[in-house]
Amino acid sequence: MQNEQIEQGYFYHIFNRGNNKEDIFICHQDYLHFLHLMEKYVLPVADVYAFCLLKNHFHLLVKIKDIGEITNATWQEKPYLGFSHLFNSYTQGTNKLRSRSGSLFQEHPKRIRIINEDYLKKLIVYIHLNPIKHGFSSNLNYPYSSYNAIISNKFTNVKRNDVISYFDDVENFKYWHDLQKDRVKKILNLMEEEF
């Protein structure tokens with residue numbers, strides 16, 4: 001991640017794709033490894049509200065913790081280092097496993113600071129609909145997104161209760177997703193008809 005300050009207490013949409021649009025996740029273990037590294041490096045500096053990992057790109061919605069919540073003294077002043085360690089560790093592991101070298105990700109991850117609650121809600125839905133948008137799934141039951149973790153009662157590192165509170169309850173959370181899912185499918189069908 002760029003060595004630019006990310007502000008504590010703010011939400012950020014962090015996303016990137018593979019270098020030259022190449023795949024960054026090849027098999028199931030790759031996704032699990034990335035999630036493990038997120039737990040190791042991102043959770044100490046940020047709370048995760050939504051995520052989606054696709055073959056050649058990813059989306060994260062996080063809220064950077066306040067300085068008092070971060071125990072690593074260096075990361076208190078530079079919380080971006082948690083993300084930098086995530087991406088560097090994943091790249092190094094992938095390079096070693098696949099006998100490759102060089103950058104796995106396209107330059108620096110992009111990030112957008114979120115300050116509007118309405119946009120935050122739409123972004124959560126957008127992140128969860130990415131597998132449908134890109135043709136990796138025909139429904140929301142995609143294994144490498146936070147959607148199922150949010151609607152279930154199983155343990156998760158995702159801030160489930162906080163996310164649900166933005167939508168009032170689980171049923172409204174599902175409704176928002178179903179409503180947008182139908183719109184995404186209609187757009188995809190129209191695009192197919194044009195070709």
Side-chain angles (χ1 to χ4, degrees), residues 1-114 120 123-124 126-128 130-131 133-134 136 142-150 155-159 163:
M1 191 159 212
Q2 292 172 318
N3 292 346
E4 296 175 11
Q5 189 66 32
I6 56 175
E7 296 184 55
Q8 294 165 341
Y10 282 98
F11 284 97
Y12 286 89
H13 178 200
I14 297 172
F15 53 101
N16 204 355
R17 64 182 178 189
N19 197 20
N20 296 318
K21 301 181 183 178
E22 294 173 11
D23 290 346
I24 52 179
F25 304 107
I26 307 297
C27 66
H28 176 67
Q29 291 304 318
D30 292 344
Y31 295 95
L32 296 182
H33 183 56
F34 190 89
L35 291 171
H36 169 73
L37 293 174
M38 273 179 55
E39 185 176 340
K40 182 177 180 179
Y41 294 119
V42 173
L43 288 183
V45 297
D47 292 318
V48 177
Y49 281 71
F51 69 84
C52 187
L53 312 179
L54 298 158
K55 281 174 44 171
N56 68 350
H57 70 286
F58 67 85
H59 294 271
L60 308 176
L61 174 60
V62 298
K63 184 178 183 185
I64 307 303
K65 293 181 178 182
D66 291 322
I67 195 165
E69 298 175 283
I70 300 173
T71 57
N72 182 312
T74 303
W75 292 7
Q76 285 178 344
E77 297 300 319
K78 301 175 181 178
Y80 65 83
L81 288 175
F83 297 93
S84 183
H85 285 304
L86 163 65
F87 304 131
N88 289 334
S89 290
Y90 185 76
T91 297
Q92 289 170 7
T94 299
N95 284 352
K96 184 176 180 181
L97 181 67
R98 304 242 179 334
S99 299
R100 68 180 301 279
S101 62
S103 177
L104 179 64
F105 297 102
Q106 179 179 315
E107 298 179 8
H108 300 290
K110 310 288 187 278
R111 69 178 185 289
I112 299 171
R113 191 173 84 175
I114 312 302
L120 178 74
L123 179 59
I124 291 168
Y126 170 81
I127 288 172
H128 291 147
N130 243 250
K133 176 185 172 193
H134 294 288
F136 293 110
Y142 179 75
Y144 310 113
S145 96
S146 53
Y147 180 82
N148 286 324
I150 292 170
F155 173 79
T156 180
N157 287 316
V158 176
K159 298 295 278 185
V163 171

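The analysis underlying the following values was restricted to heavy atoms, covering all of them including side chains, and did not include hydrogens, waters or symmetry mates.
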Note to self: Nearest 0.5 angstrom please: His36 NE2 to Lys40 NZ, how far?
What the structure shows: 5.5 Å
Check: If you round to the nearest 0.5 Å, how far is OG of Ser145 from CD1 of Ile150?
Finding: 7.5 Å
Item checked: Spacing of NZ belonging to Lys55 relative to CG belonging to Leu53, to within rounding of 0.5 Å -> 14.0 Å
Notebook entry, point to check: Of all residues at least two apart in sequence or in a different chain, which pass the side chain to side chain donor-acceptor pair (under 3.5 Å) check with Asp23?
Noted result: none
Can you give me every donor-acceptor pair (side chain of residues 58-71, partner residue at least two apart or in another chain, under 3.5 Å) with its distance?
residue: His59; atom: ND1; partner: His13; partner atom: NE2; Å: 2.9
residue: His59; atom: NE2; partner: Asn130; partner atom: OD1; Å: 3.2
residue: Lys65; atom: NZ; partner: Leu43; partner atom: O; Å: 2.6
residue: Glu69; atom: OE1; partner: Asp66; partner atom: N; Å: 2.9

Check: Looking only at heavy atoms, which two atoms of Asn19 and Ser103 are closest? And how far apart?
Finding: ND2-O, 3.5 Å
Next item on the list: With rounding to the nearest 0.5 Å, note down the distance linking NE2 in His85 to CH2 in Trp75.
Entry: 5.0 Å
Next item on the list: Locate the shortest heavy-atom distance separating Ser146 from Val158; write the atom from each residue and the value.
Entry: CB-CG2, 3.9 Å
Next item on the list: For a ring-ring contact (aromatic ring centres under 6.0 Å, His included) with Phe105, tell me which candidate from Phe15, Phe83, Phe87 qualifies.
Entry: Phe87
Next item on the list: Return the minimal non-hydrogen interatomic distance between Ile14 and Pro109, and the atom names on each side.
Entry: CG2-CB, 4.1 Å
Check: Who passes side-chain contact (heavy atoms from CB on, under 4.5 Å) against Ser89, sequence neighbours left out?
Finding: Leu37, Tyr41
Note to self: Using the side chain to side chain donor-acceptor pair (under 3.5 Å) criterion, which residues pair with Tyr147? Sequence neighbours excluded.
What the structure shows: none
Check residues 24-35 and write down every donor-acceptor pair under 3.5 Å in which the side-chain atom is one partner and the other belongs to a residue at least two apart or another chain.
residue: His28; atom: ND1; partner: Tyr144; partner atom: OH; Å: 2.7
residue: Asp30; atom: OD1; partner: Arg98; partner atom: NH2; Å: 3.3
residue: Asp30; atom: OD2; partner: Ile26; partner atom: N; Å: 2.7
residue: Asp30; atom: OD2; partner: Cys27; partner atom: N; Å: 3.2
residue: Asp30; atom: OD2; partner: Arg98; partner atom: NH2; Å: 2.5

Note to self: Please enumerate all residues that pass side chain to side chain donor-acceptor pair (under 3.5 Å) together with Tyr142, with sequence neighbours excluded.
What the structure shows: none
Checklist line | Nearest-0.5 Å distance that lies between atom CZ in Phe51 and atom CD1 in Ile124 | finding: 13.0 Å
